Every structure is written in C-alpha cells, then in structure tokens.
**Q** 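The structure's right below; bear with me while I get my questions together.
Positions are given from 1, in the same order as the sequence printed here. Worth saying up front: this structure is predicted, and the values here are computed from it rather than measured.
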Amino acid sequence: MGPDSGPQPSWRKPAGMFGILVLILVWIVAVASFSAEIGSLPVLVQLVIYVVLGIIWIMPLKPLLRWMELGRWK
C-alpha cells in the first residue's frame with residue numbers, strides 16, 4: 001500500500017467551510033444593519049422576522065454542502 005492508495009483529501013471541504021463562515025458573517029452583518037428598524041416594531045412582529053431570518057440563511061447551505069461532498073452544484 002503506497003501513498004496513492006485510498007481517497008485523497010479534497011480542497012472543496014476547507015473551501016466550503018470557509019464559504020459557510022463567510023455566509024454566516026455576511027448574514028449577521030446584513031441582519032444587524034436592520035436591527036434598529038426591526039427593534040422599533042412590536043415584539044411579536046420582531047419574533048416572526050427574526051425566526052424567518054434565522055431560517056432563510058440555511059437555504060444556500062444545501063447546494064454548498066452538496067458541492068463540498070460531490071463536487072457539483074446540482
């Protein structure tokens with residue numbers, strides 16, 4: 001068994017993890033930039049907005065995770 005046997009590590013996984021961290025950072029900055037406007041709304045409306053925003057950021061993760069694992073977007 002030489003060094004070429006078995007699967008080789010893929011550069012996509014570290015790149016994908018970095019992409020996920022960038023996505024989270026961008027999403028946090030975007031949501032935080034609207035915090036003053038959202039904070040002026042009634043509490044129940046704030047709750048709905050933050051729950052929806054907390055779920056939406058997950059949507060781009062599925063294709064990114066698929067790319068990390070398989071090397072293709074679809």
**Q** Mind checking the CE-CG spacing from Met68 to Leu61? Nearest 0.5 Å is all I need.
**A** 9.5 Å
**Q** Check the hydrophobic clustering (I, L, V, M, F, W, Y; side-chain heavy atoms under 4.5 Å; chains of links allowed) and say if Val31 and Leu25 are grouped together.
**A** no
**Q** Using the test side chain to side chain contact (heavy atoms under 4.5 Å, CB included), find all partners of Ile24 that sit at least two apart in sequence or belong to another chain.
**A**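 Applying side chain to side chain contact (heavy atoms under 4.5 Å, CB included) to Ile24 gives Ile20, Ile28, Trp57.
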**Q** Which Ile, Leu, Val, Met, Phe, Trp or Tyr residues join Val22 in one cluster when any pair of side-chain heavy atoms under 4.5 Å counts as a link?
**A** Phe18, Val26
**Q** Only distances under 3.5 Å count here; give the side-chain donor-acceptor pairs of residues 34-50 to other protein atoms, sequence neighbours excluded, each with its distance to 0.1 Å.
**A**
{"unit_1": "Ser35", "atom_1": "OG", "unit_2": "Ala32", "atom_2": "O", "d": "2.9"}
{"unit_1": "Ser40", "atom_1": "OG", "unit_2": "Glu37", "atom_2": "O", "d": "2.7"}
{"unit_1": "Gln46", "atom_1": "NE2", "unit_2": "Gly39", "atom_2": "O", "d": "3.2"}
{"unit_1": "Gln46", "atom_1": "NE2", "unit_2": "Leu41", "atom_2": "O", "d": "2.7"}

**Q** Are Val29 and Ile58 connected in a single hydrophobic cluster, I mean Ile/Leu/Val/Met/Phe/Trp/Tyr linked by side-chain heavy atoms less than 4.5 Å apart?
**A** no
**Q** Once salt bridge (charged side-chain N to carboxylate O under 4.0 Å, His left out) is applied, what residue pairs with a partner in residues 13-33 remain, sequence neighbours excluded?
**A** Lys13-Glu69
**Q** With a cutoff of under 4.5 Å between side-chain heavy atoms, which Ile, Leu, Val, Met, Phe, Trp and Tyr residues group with Leu70?
**A** none
**Q** Is Val51 reachable from Met59 through a run of hydrophobic residues whose side-chain heavy atoms are each under 4.5 Å from the next?
**A** no
**Q** Among all residues two or more places apart in sequence or in another chain, which pass the side chain to side chain contact (heavy atoms under 4.5 Å, CB included) test with Ala30?
**A** none
**Q** Could you report the tightest heavy-atom contact between Leu64 and Gly16, atom names first, then the distance?
**A**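 Scanning both residues completely, I find the closest heavy atoms to be CD2-O, 3.9 Å.
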